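Just so it is clear, the structure is predicted and the values come from calculations on it, not from any experiment. All chains are named by letter (A, B, ...) in the order of the sequence lines, taking the proteins before the strands, and each is independently numbered beginning at 1.
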2 protein chains.
Amino acid sequence: MSGAALKLYDLAGADDNCRFSPFCWRAKLALAHKRLAVETIPWRFTEKDRIAASGQGRVPVLVDGDKWIADSWNIACYLEDAYPDRPSLFGGGAGRALTCFYVGWADTVLQPAMVRLIVRDIVDHLHPKDRDYFRKSREERLGKTLEEVVADRDKSLPAFRASLAPLRTVLKDQPFLGGASPLQADYVVFGGFQWARAISAFALLDKNDVVHAWRERLLDLYDGLARKAPAVAA
Amino acid sequence: MSGAALKLYDLAGADDNCRFSPFCWRAKLALAHKRLAVETIPWRFTEKDRIAASGQGRVPVLVDGDKWIADSWNIACYLEDAYPDRPSLFGGGAGRALTCFYVGWADTVLQPAMVRLIVRDIVDHLHPKDRDYFRKSREERLGKTLEEVVADRDKSLPAFRASLAPLRTVLKDQPFLGGASPLQADYVVFGGFQWARAISAFALLDKNDVVHAWRERLLDLYDGLARKAPAVAA
C-alpha cells in the first residue's frame, strides 16, 4: 500500500502487473498529467462486488476519500474540477467540449477496429476466473468466436492503418493531439494502443508512421509510466 | 459590391448563387462567427488566374487589404489572430490544436464518404466551363466514372450513417461540437453537409438522427446564413 489518497480500480490479468484496459489507461494518464499520486488496485472483470459502491460494474473506478467515480470521462472531468490548480487536461471549457469527439472516435471507430485484430490475444493474459466470462460476453457481442473474429487480421490490417488518417493529418504538424504538449485527447486515443501493447504482439503500426512516433512520445511521458508497464509488444 | 473590406473567392455553380464548396462554407461560417462582413466573389474551378495572387489554385481565398490567404484552416487561424477581440473560433490555444483532428476527420473520412454518394449530382450544377474539368479530374482521382461511383449509393447509405457515430457520441450530450455554442470544429464538419445540401436531393441523414438536429441548428446560425443559401435538399 502506497498510502496515496487516491485509489483506482484497474483491470488486471493473470499477472497482477498486466494492466490492459484502454479506459483505465485514459484515467491513469489523466492522474499522471495532474501530478496526482494514485494507488492502483488490480481488479478482474468478475469482481463486480468490489466496486459496487460506484453504482455500476466496470473499471476504471476512482476513489477519492468518500467519493467513488466510475467511467474514464467522468474521472477526467472530476479531476479537472476537483484539482483546478494542477495542469489542465482540456485547456479550458472549449477544450473540454472539443475532447468529447475524441472519446466518440476512440469508442466507436478506433477500439472496435482494434478488437477485430487483437481480441483473441486478450484471453491468454486473463486471470483464470475471468476467462469464461470474457469469452462468453465478447462472443455474444461480436456474434462469432474470438478465433473467427481475428482470423483474417493480416488482411484487415491495411484498412485499420488507413482508418488512422485523421490522426496523421494532425500529427504531421504537431507533436500531440493537444498541440505542443499532451492533453486528455491524447490519452483517450493512446489508451487503445496501450491496451493492444499489453496483450498482443500483433504490429498495429508501421514504424515509419507518424502515429507510431506519437505513440513513442506517449510511452515516454511521466517518467515512462506507460512504457514501463509490462507489455507483449515493443 | 458591398464595400466590405474583406473579400472571399467562393466556388459557384452555373447559378452565381449556387455556392457548394464545403471548404468555402467553413470559411464563411468562420467569418460570420467573427461578425465580419465579407463580399463573396463567385469563382469557378477553371479560373485559376483570378486567385493567382494567393500562390495556388483553389478556394476559399480570403483577401484582407493586401493579404491573400488560401485554405480554410489558414483562413480560420488568420481570422483568430488578426481579429482577437471578436468571438473566438477555438476557445484558446488548446482548442485550436484540438480542432485539427476535426479537419482530419472531415477531410479523410466524412467528405470522401459523401463524395461516393453525391459526386455525380455536382455536375448538374456546375458552370458549363467547369464541367469537363470537374469530370475529368474527379474521374481520374476516383478511378471510375462519376456514375459508377454513386451507382450503389442506396446500399452505401447505412454504412455512411454508421460512420457518423463519433458525432452522435458528442451530440447526444451537447448541442454543438464546441459545447453550448458553436466553434470552428462545428463549421469544419458542417461544411460537408452544406455542400451536399446545395447540390443533391439525396437524403444523407435520417430526420430522427441527433446529427440531423445539429445540422438544423447550424443552418439557423447567423440569421440563417446557411439555410438561406440556395439548396436542392431541405
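- The environment of A/Arg168 atom CZ is dense: over 12 non-hydrogen atoms of other residues, nucleotides or ligands sit within 6.0 angstrom.
- The heavy-atom pair separating B/Cys100 from A/Gln174 by the smallest distance is SG-OE1, 3.7 Å.
- Residue contact with chain B, scored on non-hydrogen atoms closer than 4.5 Å, involves the side chain of A/Leu183 exclusively.
- For A/Leu171, no part sits under 4.5 Å from any heavy atom of chain B, backbone or side chain.
- When each of A/Val103, A/Asp173, A/Leu167, A/Thr99 is checked for heavy-atom pairs under 4.5 Å with chain B, A/Leu167 comes out on top.
- Chosen from B/Thr169, B/Leu98, B/Val170, B/Asp186, the residue pairing most often with chain A at heavy-atom distances under 4.5 Å is B/Leu98.
- Interface check for chain B: of the options A/Tyr102, A/Phe90, A/Phe101, the most heavy-atom pairs under 4.5 Å are formed by A/Phe101.
- Heavy atoms closer than 4.5 Å to chain B are found nowhere in A/Phe176, neither backbone nor side chain.
- Your options are B/Ala106, B/Ala165, B/Gly179, and the one with the most heavy-atom pairs under 4.5 Å with chain A is B/Ala165.
- Taking both residues in full, the closest heavy atoms of B/Gly91 and A/Ala94 are given as CA-CB, 3.7 Å, listed atom of the first, atom of the second, then distance.
- When B/Asp107, B/Thr108, B/Val109 are compared by the number of non-hydrogen pairs under 4.5 Å with chain A, B/Thr108 comes out ahead.
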